[in-house]
Undergrad: 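Would you mind keeping the following structure in view while I ask a few things?
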Amino acid sequence: MTNLEIAALLRNIAAAYQILGENRFKIIAYERAADSIEHLSSDIKDLWDDGKLDDIPGVGETLKKHLDDLIRTGKVSHFDQVLRKVPQSVFPLLLVPGIGPKRAYMLVSALHLDNAGTVVADLKKMALAHKVAILPGFGEKSETDILENIKTYEGGQIKENRMDLPSADAIAVEIITHLKQISEVQHVHPLGSLRRQVSTIGDIDIAVSTTKPEKVIDHFLKYPYKKLIERGSTGASVLLHNGRQVDVRVQRPQAYGAMLQYFTGSKNHNIKLRAYALNKGLSLSEHGIKNVKTDTVRTYETEDAFYHALGLTCIPPEMREDKGEIEKAGLELQGTSKGLPTLVNASDIQGDLHIHSDYDLEPSHDLGRNTVHEYLDVALKNNYEYIGFSDHNPSFGNHTEKQIIAIMKDRKAYYEQQYDSWIQNVFNKNEVNKRVHMFLMCEVDIQPDGNLALPTEAFAYVDAVIASIHSSFTQDKSTMTKRILTALQKHPKVRMFGHPTARLLGKREGINFDWNEIFSVCASKDIALEINAHPMRLDTPDSVVYDAIRRGIRFCINTDSHATDQMELIKYGVSVARRGWATSNDILNTMEYNRFNKWLKQ
DNA sequence: GCCGTTTTCGGCCCGACTGTTTTCAGTCG
């Protein structure tokens with residue numbers, strides 16, 4: 001079962017409990033666990049393998065046992081018992097927006113919608129026949145709303161169809177540009193999962209500070225949208241024509257800090273933070289901090305001031321996932337050395353080591369689209385100290401070993417000649433200063449048997465190799481683990497493991513292997529894991545980065561660019577590192593040239 | 001059912017919006 005399927009199952013249990021009138025905190029507990037599992041950035045089976053299911057926020061002894069049964073046997077008898085107590089046709093209805101457990105149960109019972117397979121279509125018929133409006137608690141408006149929402153439901157599940165980060169950025173930039181057209185907008189920030197830089201984004205959340213909330217909301221609603229979801233005095237939500245939801249929330253400038261904090265989340269971070277505050281007699285909301293005893297609310301203009309008022313240093317948004325950041329932020333303010341780590345920044349990056357140029361070495365996979373000179377120009381513009389060209393190896397099937405060796409030799413000569421001519425073009429004689437150094441690398445396929453798709457002799461013509469998997473993704477766990485271990489130890493010039501899980505977000509699940517064994521070999525051979533910054537990959541995943549750092553593993557953040565305009569995507573790789581709590585010491589390509597060179601060619 | 005820098009028992013994040021209601025329940029984030 002996937003994380004999403006398990007989350008859905010737990011939500012159904014929560015819904016059943018709600019219908020059955022169970023203790024409401026038990027219901028909340030199931031919902032919270034479902035939320036956590038849905039947003040997990042690693043496969044729950046990996047946590048189960050390591051016996052770390054109760055590391056998941058909201059999963060305790062009981063749920064750990066149930067989940068263990070579920071993963072081992074595919075079923076939990078306690079769950080089945082609970083689910084059997086309510087009509088099965090309520091569950092499909094829960095997927096329709098605006099219909100929760102209570103209303104679903106009411107509709108199913110009152111209208112005798114007994115067929116779980118057709119229940120949504122049956123409800124639609126009933127609504128069209130005006131049989132819904134007459135039910136207690138329903139009315140004309142709810143009947144038309146239900147029809148409207150069924151249409152949305154039929155149009156596809158928006159929730160399962162999350163965006164990559166650049167798509168979300170593009171929408172946010174458009175909305176922000178629109179909002180800034182009026183002078184009443186003082187500050188505006190994208191928040192929610194986008195601000196935390198989660199690997200995929202559902203809704204776009206935006207906060208605005210203003211003294212004229214009504215005017216700002218009116219102006220926001222002039223932006224073209226398909227459907228108004230809701231509108232109130234504190235904000236509005238719309239569905240755009242592209243199917244994406246945008247929530248805009250407004251706040252007075254003097255309380256904007258609380259708004260930023262509240263709207264950035266994550267949900268689990270906020271729940272933990274509010275419980276933490278409650279212990280101190282303080283109640284948190286998007287309006288400020290209330291002293292429970294005196295019932296007075298203080299407002300905060302900035303997030304910094306908001307966290308400080310709780311006795312915490314301001315926690316970077318990428319860390320707000322309830323992984324112990326609140327406790328650490330408290331320690332820091334007490335002056336102990338065990339506070340929050342100083343996260344790596346995009347400006348710390350000194351080079352990009354995974355670049356595909358248009359030099360045709362008859363590779364196994366796609367060529368890049370720009371010339372060596374064009375990439376060097378961008379590297380110079382980015383203030384990089386070095387750049388690594390890592391074209392795919394020449395295809396193994398179409399060449400003899402001898403041919404491959406010859407190709408690699410020619411390639412080395414070509415790159416060196418290109419590099420020399422670039423240096424001469426860019427700098428006049430007096431200024432010759434090789435500010436951008438070049439590494440000649442190669443991204444080499446890890447074959448199904450763990451061999452590398454580059455003859456040993458050809459390694460003489462590269463500085464270093466990135467070993468990556470591009471085929472046979474479905475091998476079983478032990479075969480895959482052995483395959484990777486073999487490849488990483490095949491040649492001393494293998495210095496990085498490229499996009500380790502080979503996942504493509506929303507398209508292809510990651511491959512299955514034993515991370516602990518890979519960590520061990522990376523630690524003993526000082527091999528880096530790549531954080532591939534391509535927004536469809538973001539691989540190594542952030543949760544693995546977090547674990548790996550605790551094992552002493554270091555990383556290299558690369559773009560895997562196939563064109564020069566992709567080099568700017570490095571920022572998304574930096575975000576992954578930050579979400580994994582990486583400092584610049586954990587990221588090898590923050591080192592200046594001499595130190596990096598020494599590491600690469602050790 | 002979860003959870004602990006005053007607790008292993010006794011609490012549990014907080015508020016907005018909507019529709020159907022005359023004070024609240026359901027849903028959502």
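Order of the sequence lines sets the chain letters (A, B, ...), proteins ahead of strands, with each chain counted from 1.
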Undergrad: Salt bridge check, A:Lys124 against A:Glu154: does any charged N sit closer than 4.0 Å to a carboxylate O?
TA: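 Yes.
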
Undergrad: On the six-membered ring of A:Tyr546, is A:Arg550 placed so that its NZ or CZ lies under 6.0 angstrom from the centre and within 45° of the ring axis?
TA: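 Because its charged atom sits under 6.0 Å from the ring centre and within 45° of the axis, A:Arg550 does stack over A:Tyr546.
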
Undergrad: Less than 4.0 angstrom from a charged side-chain N to a carboxylate O is my criterion; do A:Lys131 and A:Glu143 meet it?
TA: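 Not counted as a salt bridge, because no side-chain N and carboxylate O are separated by less than 4.0 Å.
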
Undergrad: May I have the distance from A:Glu286 (atom CD) to B:dG15 (atom P), rounded to whole angstrom?
TA: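 Roughly 7 Å, once rounded to whole Å.
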
Undergrad: Could you tell me the Watson-Crick or G-U partner of B:dG15, where both distances fall under 3.5 Å? Say none if there is no partner.
TA: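 Base-paired to B:dC28.
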
Undergrad: Between A:Phe220 and A:His178, does the ring centroid distance fall short of 6.0 Å?
TA: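 Not close enough - the centres of the two rings lie 6.0 Å or further apart.
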
Undergrad: Between B:dG1, B:dC17, B:dC14, which nucleotide has the shortest distance from any of its atoms to the side chain of A:Arg274?
TA: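 Output: B:dC14.
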
Undergrad: Report the distance from atom CD1 of A:Ile27 to atom C1' of B:dT27, rounded to the nearest whole Å.
TA: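 Going from A:Ile27 (CD1) to B:dT27 (C1'), I get 14 Å.
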
Undergrad: In whole angstrom, give me the gap between the P atoms of B:dT5 and B:dG19.
TA: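 The same atom, P, in both gives a distance of 43 Å.
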
Undergrad: Please tell me if A:His287 has a side-chain N or O lying less than 4.0 Å from either OP1 or OP2 of B:dC14.
TA: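 Answer is no, no contact under 4.0 Å.
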
Undergrad: Name the residue closer to the 5' end of DNA chain B, choosing between A:Lys272 and A:Ile99 according to the nucleotide with the nearest heavy atom.
TA: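 Mapping each residue to its closest nucleotide by heavy atoms, the 5'-most match is A:Lys272.
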
Undergrad: Can a salt bridge be assigned to the pair A:Glu148 and A:Lys141 using a cut-off of 4.0 Å between side-chain N and carboxylate O?
TA: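 No salt bridge links A:Glu148 with A:Lys141.
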
Undergrad: Does the distance from a Lys or Arg side-chain N to an Asp or Glu carboxylate O, for A:Asp35 and A:Lys267, drop under 4.0 Å?
TA: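 Yes, A:Asp35 and A:Lys267 are salt-bridged.
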
Undergrad: Rounded to the nearest Å, what distance is computed from the CD1 atom of residue A:Ile56 to the P atom of nucleotide B:dC2?
TA: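 Rounded to whole Å, this separation is 11 Å.
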
Undergrad: Would A:Glu214 and A:Arg231 pass as an ion pair if we require N to O under 4.0 Å?
TA: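 The answer is yes: the pair qualifies as a salt bridge.
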
Undergrad: Heavy atom of residues 247-265 of chain A under 4.0 Å from DNA chain B: which residues?
TA: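 Nucleic-acid contacts, sorted: A:Tyr262.
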
Undergrad: On the six-membered ring of A:Phe138, is A:Arg103 placed so that its NZ or CZ lies under 6.0 angstrom from the centre and within 45° of the ring axis?
TA: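 Relative to the ring axis of A:Phe138, which defines the angle, A:Arg103 lies inside both limits.
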
Undergrad: Could you go through the side chain to side chain contact (heavy atoms under 4.5 Å, CB included) check for A:Arg249 and A:Asp205 one step at a time?
TA: CA-CA 8 Å; A:Arg249 292 291 182 103; A:Asp205 302 318; over 6 Å; no

Undergrad: Would you call the rings of A:His269 and A:Tyr307 parallel, tilted or perpendicular, where under 30° means parallel and over 60° means perpendicular?
TA: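 Tilted: the ring planes of A:His269 and A:Tyr307 meet at 30° to 60°.
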
Undergrad: Short of 4.0 Å, heavy atom to strand atom, which residues of residues 64-86 of chain A count as contacting DNA chain B?
TA: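 A:His78, in order of number.
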
Undergrad: To the nearest Å, give me how far apart CD1 (A:Ile326) and C1' (B:dC3) are.
TA: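 Answer to the nearest Å: 14 Å.
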
Undergrad: Do the side-chain N or O atoms of A:Ser233 get closer than 4.0 angstrom to the phosphate oxygens (OP1, OP2) of B:dA16?
TA: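 The answer is no; no side-chain N or O of A:Ser233 sits under 4.0 Å from OP1 or OP2.
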
Undergrad: Taking O4'-C1'-N9-C4 for purines and O4'-C1'-N1-C2 for pyrimidines, is B:dT22 syn (within 90° of 0) or anti?
TA: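 What B:dT22 shows is an anti base, its glycosidic angle lying more than 90° from 0.
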
Undergrad: Students often get this wrong, so: under 4.0 angstrom with heavy atoms, is A:Asp205 touching a base, only sugar-phosphate, or nothing?
TA: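 If one applies the 4.0 Å heavy-atom cut-off, A:Asp205 turns out to touch nothing in the nucleic acid.
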
Undergrad: Output the rounded distance in Å from CD1 (A:Ile271) to P (B:dC3).
TA: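 Going from A:Ile271 (CD1) to B:dC3 (P), I get 11 Å.
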
Undergrad: Which nucleotide, B:dC17, B:dG4, B:dC14, lies nearest any side-chain atom of A:Ser283?
TA: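 Nearest nucleotide to the side chain: B:dC14.
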
Undergrad: Is the shortest side-chain N to carboxylate O distance from A:Asp49 to A:Lys45 below 4.0 Å?
TA: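 Result for this pair is no, no salt bridge flagged.
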
Undergrad: For B:dC13 and A:Ser285 - does any side-chain N or O of the residue sit under 4.0 Å from the phosphate oxygens OP1/OP2?
TA: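 Negative; the distance criterion is not met.
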
Undergrad: For A:Ile28 and B:dG29, what is the distance between atoms CD1 and C1' respectively, to the nearest whole Å?
TA: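 Nearest whole value for this atom pair: 14 Å.
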
Undergrad: Hey, does A:Ser237 reach any base, or is it just sugar-phosphate, or nothing, if we go heavy atoms under 4.0 Å?
TA: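 Nothing, no heavy atom under 4.0 Å.
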
Undergrad: Could you check whether A:Asp54 pairs with A:Lys64 (Lys NZ or Arg NE/NH1/NH2 to Asp/Glu carboxylate O, under 4.0 Å)?
TA: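 Yes, this pair counts.
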
Undergrad: Say we look at B:dG26 and B:dT20: how far apart would their P atoms be, to the nearest angstrom?
TA: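 Taking atom P in both B:dG26 and B:dT20, they lie 14 Å apart.
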
Undergrad: Atom CG of A:Leu278 to atom C1' of B:dC12: distance rounded to whole Å?
TA: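 After rounding, the reported distance stands at 9 Å.
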
Undergrad: Check this one for me: any side-chain N or O of A:Ser142 less than 4.0 Å away from OP1 or OP2 of B:dT20?
TA: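 So the side-chain polar atoms of A:Ser142 do come within 4.0 Å of the phosphate oxygens OP1 or OP2 of B:dT20, strictly under.
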
Undergrad: Name the nucleic acid region contacted by A:Glu140, choosing base, sugar-phosphate or nothing; use a 4.0 angstrom heavy-atom cut-off, strictly under.
TA: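 Sugar-phosphate, no base atom in range.
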
Undergrad: Would you say A:Ser266's side chain and A:Arg320's backbone share a donor-acceptor pair under 3.5 angstrom?
TA: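 Yes, A:Ser266 side chain to A:Arg320 backbone: donor-acceptor pair under 3.5 Å.
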
Undergrad: With heavy atoms under 4.0 Å as the rule, sort A:Arg231 into base, sugar-phosphate or nothing.
TA: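 Sugar-phosphate, no base atom in range.
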
Undergrad: Reading DNA chain B from 5' onward, which residue's closest nucleotide shows up sooner: A:Asp145 or A:Glu61?
TA: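 Looking at DNA chain B, the more 5' nearest nucleotide goes with A:Glu61.
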
Undergrad: I'd like the P distance from B:dC3 over to B:dC13, given in whole Å.
TA: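 After rounding to an integer number of Å, I get 11 Å for this pair.
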
Undergrad: Using atom CG of A:Asp322 as one end and atom P of B:dC12 as the other, report the distance to the nearest whole Å.
TA: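 It works out to 18 Å between those atoms.
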
Undergrad: Do A:Glu184 and A:Lys212 sit within salt-bridge range, that is, some charged N less than 4.0 Å from a carboxylate O?
TA: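 A salt bridge is absent here (no side-chain N lies under 4.0 Å from a carboxylate O).
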
Undergrad: Which parts of residues 101-112 of chain A get close to DNA chain B, meaning a heavy atom less than 4.0 angstrom away?
TA: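 Result for residues 101-112 of chain A: A:Pro101, A:Lys102, A:Arg103, sorted by number.
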
Undergrad: Roughly how many Å apart are B:dT7 and B:dG15, using the P atom of each and rounding to a whole number?
TA: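 Nearest-Å result for B:dG15 against B:dT7 at atom P: 27 Å.
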
Undergrad: Let's see if you can work this out: which of B:dC2, B:dC13, B:dT7 has an atom nearest to the side-chain heavy atoms of A:Asn279?
TA: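 Looking only at side-chain atoms, A:Asn279 lies closest to B:dT7.
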
Undergrad: Taking the C1' atom of each, how far is B:dT23 from B:dC17, in whole Å?
TA: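 That atom pair is separated by 16 Å.
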
Undergrad: Look at all strands and tell whether A:Leu284 reaches a base, only sugar-phosphate, or nothing, counting heavy atoms closer than 4.0 Å.
TA: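 Sugar-phosphate contact only - A:Leu284 comes under 4.0 Å of backbone atoms but never of a base.
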
